[in-house]
Structures are given as structure tokens and as C-alpha cells.
Q: 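Sharing a structure with you now.
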Amino acid sequence: MTDHDSIYHRLFSHPGMVMDLLEHFLDAPLLAELDLSRLTRLNTKFTATTGQRRRGDMVWELPTRTGGSLFVLLILEFQSEIDEWMVLRLNVYAGLLYQQLVDERRLKPADGLPPILPIVLYNGEPGWNAAASLRELIRLSPDSPLWPYQPELRYHIIDEGRFPEDDLQGRPSLTAMFIRMQHAINPESMLKASRDVVTWFAHHPEGPPVKRLFGELLSGGLDRLKGPTPVPAMPEDFEEVVNMLARYVEQWEKDIERKGRQEGRQEGEAKMLTSLLQRRFGTIPEWAGEKISKANPAILEAWGLRIFDARSLVDVFEDPK
């Protein structure tokens with residue numbers, strides 16, 4: 001896995017982060033059925049179709065309010081392309097999970113099968129649009145008598161990119177702050193999210209020990225944003241990282257303002273030079289317009305000083321011998 005994917009996996013290997021995810025990204029009626037305080041991870045033995053275990057696929061067991069257990073199949077989906085067969089993959093995983101529980105003699109025929117809740121946490125750019133139900137992929141007419149014999153499974157999708165910024169800011173959730181940092185569009189929005197993380201840990205000292213991972217995410221996120229100011233070397237302490245980021249954002253904003261003034265000056269001088277050339281020589285050809293658009297303010301000023309001595313448009317742009 002890449003370092004980015006590894007951060008996801010390490011974050012959601014902590015029961016506290018999984019509890020936070022479930023509490024703030026599941027519907028209230030579903031949450032009412034669950035006892036999140038007794039969440040435990042199940043050591044699964046099944047593998048992907050490649051024969052390799054996917055470190056982004058985890059199973060968590062928790063009791064329900066009415067008795068018995070629920071098994072949460074948590075899939076961390078890092079691929080840039082949408083997996084159109086995700087629901088089929090989850091159906092296979094569900095069968096393998098049930099088989100593992102039977103093989104370990106955790107289930108008796110009289111007990112039946114425990115419920116499963118498949119959840120896909122997706123962080124790709126295209127909006128998730130794959131089939132959410134296995135029956136959506138089965139090609140049968142609506143009135144076919146074969147439907148009662150077909151498998152059926154649905155999953156809950158958490159598509160990070162579909163949540164607006166103000167929606168995420170309104171959730172007192174460490175997962176929501178993580179998503180905001182992951183999808184920050186500039187250093188300023190990254191700073192706002194990271195400051196909220198600092199506040200969250202100040203009010204939740206008993207929270208999951210993942211602050212260092214947020215520091216890694218912050219460092220990687222700044223490299224990805226590539227602002228006009230070089231990213232400084234990051235300290236290990238998360239609060240120090242945030243303070244350094246604040247100074248970086250301040251410098252970043254100054255650089256943006258200075259660049260804006262320079263571009264404004266360049267645009268103004270380019271318009272002035274074009275107007276003077278048109279008045280002196282008439283219509284400006286395309287090649288001259290391209291030269292003007294690419295020139296810096298110092299060159300535009302030099303060309304402007306040549307206008308009244310030049311005999312032709314070419315004389316303005318050629319260096320005097």
C-alpha cells in the first residue's frame with residue numbers, strides 16, 4: 001500500500017475511529033440497534049480473489065441492543081476507479097465470513113446466522129455510482145419466478161467526496177475532520193480542519209491514539225496541495241505541525257496577494273502597450289499579441305519606450321543593434 005493508504009488502514013484499525021465513523025455516518029434508526037461501546041475486531045482468514053489479503057478490508061464485531069452480534073464488514077476503497085463489482089465482492093466476503101464462523105464452531109444451526117453490515121469508505125475523485133444491491137446486477141425481468149432464488153445483499157457507501165464542507169464542519173466527528181483534511185482544496189482549509197483536530201483532542205484526552213497519524217496526513221496533504229510557498233519540514237508533534245502550518249498559510253496568503261498585484265500590473269501594462277501600438281500601427285497581428293501576453297512588466301515597459309522611435313511594429317519588439 002502507499003503511505004496514504006497505510007494512514008487510512010492504521011486510523012481505522014483503532015476501535016475508537018471505527019466507533020466515530022459509525023456514530024456520525026450511519027442513520028439514527030440503525031445506530032439505535034447497536035452497542036458501539038463493545039466493538040472488537042475479528043481476525044479474518046479469507047482473502048481477495050488475487051489470493052492476497054487486502055489490508056484495507058476489516059471485520060468488526062459488536063453486540064446489538066436486542067442481543068446477539070452484528071459483524072461490520074468495513075472496506076477501505078482507495079482505487080481511483082470505481083469498482084463496479086463491489087457488491088459482488090462483498091457478497092463473497094459475507095459468505096466467507098459466515099463459513100469462518102461455522103468452521104470456528106461459533107455458530108450452531110439452531111442459532112442461525114448473525115446479521116452483517118457491509119460499509120464501503122471511498123475516497124476517490126469520481127462520485128460513487130456502482131450498484132449498491134446485488135440484485136441490481138442480476139439480469140432478470142421484474143416478474144421472473146426466479147427472483148426468490150437469487151442472492152441479495154446491500155452495502156452502505158460513505159463517499160467522502162459527496163459531503164459538502166459545511167456538512168462536515170457541522171459534525172463533531174474525528175472522522176469528519178479527517179475527511180476534511182484529506183479533501184482540503186488549499187492550505188487554508190487544511191489549517192481550519194487541523195485546528196479542529198487539535199480542539200477535539202483537547203476535549204477528548206481519552207480518544208484514540210491517532211494524533212500522530214493526523215500529523216502524517218497533514219504533512220502529506222501539504223505536499224499534495226503544492227502552494228506557491230515551499231512546504232517546510234514538519235515536526236513530529238501535531239500541535240507544532242499545526243502552528244507551523246499557520247505560519248505557512250500566512251506566508252502563502254502574502255505570496256498570493258503579491259502575485260496577484262504583479263499579475264494585475266502586468267495585465268495593465270499589457271493593455272496600455274496594446275492600445276499605444278494600435279494607435280501607432282493599426283491592427284495588432286496575432287504574433288505580437290502573443291509576445292505581449294507572455295512578457296513580464298519590465299519588458300513591456302522597454303517595448304513601450306520604443307514605440308515613438310520605431311518605424312514599424314517589428315522595430316518595437318526587436319532588440320536595437
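As the structure is a prediction and not an experimental result, all values here were calculated from the model. Position 1 is the first residue of the sequence; numbering continues from there.
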Q: Report yes if the side chains of F12 and L21 come closer than 4.5 Å at any heavy-atom pair, otherwise no.
A: yes
Q: Just checking E81: does its CD atom have more than 12 heavy atoms from other residues, nucleotides or ligands closer to it than 6.0 angstrom?
A: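 No, the 6.0 Å shell around CD holds no more than 12 heavy atoms from other groups.
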Q: Looking at E61 and R106, is there a salt bridge between them, counting it only when a charged N and a carboxylate O are closer than 4.0 Å?
A: yes
Q: Where is the tightest heavy-atom contact between M19 and L39, given as atom of each residue plus distance?
A: CG-CD2, 3.7 Å
Q: Answer yes if V87 and W147 sit in the same cluster of Ile, Leu, Val, Met, Phe, Trp and Tyr residues linked by side chain heavy atoms under 4.5 Å apart, and no otherwise.
A: no
Q: Can you tell if the side chain of L97 reaches within under 4.5 Å of the side chain of I116, non-hydrogen atoms only?
A: yes
Q: Would you give the length of the straight line joining atom CG of L174 to atom CG of L11, rounded to the nearest 0.5 angstrom?
A: 8.0 Å
Q: When rounded to the nearest 0.5 angstrom, what is the spacing between CD1 in I7 and CE in M181?
A: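 These two atoms lie 9.0 Å from each other.
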Q: Salt-bridged, R306 to D315, with N to O below 4.0 Å?
A: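 A salt bridge is absent here (no side-chain N lies under 4.0 Å from a carboxylate O).
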Q: Is there side-chain contact between I119 and Y155, with heavy atoms separated by less than 4.5 Å?
A: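 Heavy-atom side-chain distance check fails, nothing below 4.5 Å.
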Q: Output, in order, the C-alpha distance, side-chain angles, deciding distance and verdict of side-chain contact (heavy atoms from CB on, under 4.5 Å) for I82 and Y122.
A: CA-CA 9 Å; I82 297 171; Y122 169 68; 3.7 Å; yes
Q: Test side-chain contact (heavy atoms from CB on, under 4.5 Å) on M17 and V210; report intermediate values, then the result.
A: CA-CA 9 Å; M17 283 298 299; V210 294; 4.2 Å; yes
Q: Any donor and acceptor pair, going by atom type alone, linking the side chain of Q100 with main-chain N or O of N43 inside 3.5 Å?
A: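 The answer is yes, because a donor-acceptor pair under 3.5 Å joins these two groups.
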Q: Kindly indicate whether the side chain of N129, heavy atoms from C-beta on, has any atom under 4.5 Å from the side chain of E84.
A: yes
Q: Please report the closest heavy-atom contact between P114 and F71, naming both atoms and the distance.
A: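 Taking every non-hydrogen atom into account, CG-CE1, 3.5 Å.
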Q: Closer than 3.5 angstrom, by distance alone: can the side chain of D159 be matched with the main-chain N or O of G127 as a donor-acceptor pair?
A: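 Side chain of D159 to backbone of G127, a donor-acceptor pair under 3.5 Å: no, none is there.
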Q: Is there a side-chain contact between L300 and I292 in this structure, where contact means two heavy atoms from C-beta onward sitting under 4.5 Å apart?
A: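 With C-beta onward as the side chain, the pair touches.
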Q: Would you say E216 and L213 make side-chain contact, with heavy atoms under 4.5 Å?
A: yes
Q: Does D167 pair with R171 as a salt bridge, N-O distance under 4.0 Å?
A: yes
Q: For the pair L90 and V120, evaluate side-chain contact (heavy atoms from CB on, under 4.5 Å) and give the outcome as yes or no after the intermediate values.
A: CA-CA 9 Å; L90 285 167; V120 177; 3.9 Å; yes
Q: Give me the atom names and distance for the closest heavy-atom approach of L117 to L70.
A: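 Closest approach of L117 to L70: N-CD1, 3.9 Å.
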Q: Throw together a table of side-chain donor-acceptor distances under 3.5 angstrom for residues 26-38, partners on residues two or more places apart or in other chains.
A:
{"unit_1": "D35", "atom_1": "OD1", "unit_2": "S37", "atom_2": "N", "d": "3.3"}
{"unit_1": "D35", "atom_1": "OD1", "unit_2": "S37", "atom_2": "OG", "d": "2.6"}

Q: Any link between L88 and L140 through a network of hydrophobic side chains (Ile, Leu, Val, Met, Phe, Trp, Tyr) touching at under 4.5 Å?
A: no
Q: Under 4.0 Å between a side-chain nitrogen and a carboxylate oxygen: does that hold for E77 and R89?
A: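 R89 and E77: salt-bridged.
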Q: Distance check, rounded to the nearest 0.5 Å: H183 atom NE2 versus N123 atom CG?
A: 5.5 Å
Q: Would you say that L313 contacts W287 through its side chain, given a criterion of any heavy-atom pair below 4.5 Å between the two side chains?
A: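 The answer is yes; the side chains approach within 4.5 Å.
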Q: Report yes or no: does R139 contribute a side-chain atom to a donor-acceptor pair with the main-chain N or O of E136 at less than 3.5 Å?
A: yes
Q: Have S6 and R10 got a donor and an acceptor in their side chains that come within less than 3.5 Å?
A: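 Present: a donor and an acceptor within the cut-off.
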Q: Working to the nearest 0.5 Å, report the span between CD1 of I179 and CD of E165.
A: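 The CD atom of E165 is 11.0 Å from CD1 of I179, to the nearest 0.5 Å.
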Q: Of all the heavy-atom pairs spanning P172 and W200, show the shortest one and how long it is.
A: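 Here P172 and W200 meet closest at O-NE1, 3.9 Å.
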Q: Quick one: salt bridge (Lys or Arg N to Asp or Glu O under 4.0 Å) partners of K271, sequence neighbours excluded?
A: E267
Q: Return the minimal non-hydrogen interatomic distance between R135 and Q150, and the atom names on each side.
A: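 Scanning both residues, the minimum pair turns out to be NH2-O, 3.1 Å.
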Q: Checking the side chain of R280 only, and the main-chain atoms of I307 only, is there a donor and an acceptor separated by less than 3.5 Å?
A: yes
Q: Kindly check if the number of other-residue, nucleotide or ligand heavy atoms within 6.0 Å of CZ (R311) is above 12?
A: no
Q: Could you check whether any side-chain N or O of H156 sits under 3.5 Å from a backbone N or O of F25, counting only pairs where one atom can act as donor and the other as acceptor?
A: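 It does hold such a pair.
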Q: Give a yes or no on whether I138 and L153 share a hydrophobic cluster (residues Ile, Leu, Val, Met, Phe, Trp, Tyr; joining criterion: side-chain heavy atoms under 4.5 Å apart).
A: no
Q: Between W303 and L277, is any pair of side-chain heavy atoms under 4.5 Å apart?
A: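 In short, these two side chains do not touch, never coming nearer than 4.5 Å.
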Q: I'd like to know whether L74 forms a side-chain contact (heavy atoms from CB on, under 4.5 Å) with L76, so could you lay out the CA-CA distance, the side-chain angles of the two residues, the decisive distance to 0.1 Å, and finally the verdict.
A: CA-CA 7 Å; L74 179 59; L76 306 180; 4.1 Å; yes
Q: Give a yes or no on whether E286 atom CD has more than 12 heavy-atom contacts from other residues, nucleotides or ligands under 6.0 Å away.
A: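 Open: at most 12 neighbouring heavy atoms sit under 6.0 Å from CD of E286.
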Q: What's the spacing between L107 CG and Q99 CD if we round to 0.5 Å?
A: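 Answer for the CG-CD pair, L107 versus Q99, is 10.0 Å.
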Q: Output yes when a side-chain donor or acceptor of S13 lies under 3.5 Å from a complementary backbone atom of H9, and no otherwise.
A: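 The answer is yes, because a donor-acceptor pair under 3.5 Å joins these two groups.
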Q: How long is the straight-line distance from CG of L22 back to CH2 of W60, given to the nearest 0.5 Å?
A: 10.0 Å
Q: Which heavy atom of P208 sits nearest to which heavy atom of H14, and what is that distance?
A: CB-CB, 4.3 Å
Q: Under a 3.5 Å distance rule, please check whether S194 uses its side chain to pair with a backbone N or O of L191 as donor and acceptor.
A: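 Side chain of S194 to backbone of L191: a pair is present.
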Q: Ring centres of F178 and Y8 under 6.0 Å apart?
A: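 Yes: the rings meet the under 6.0 Å criterion.
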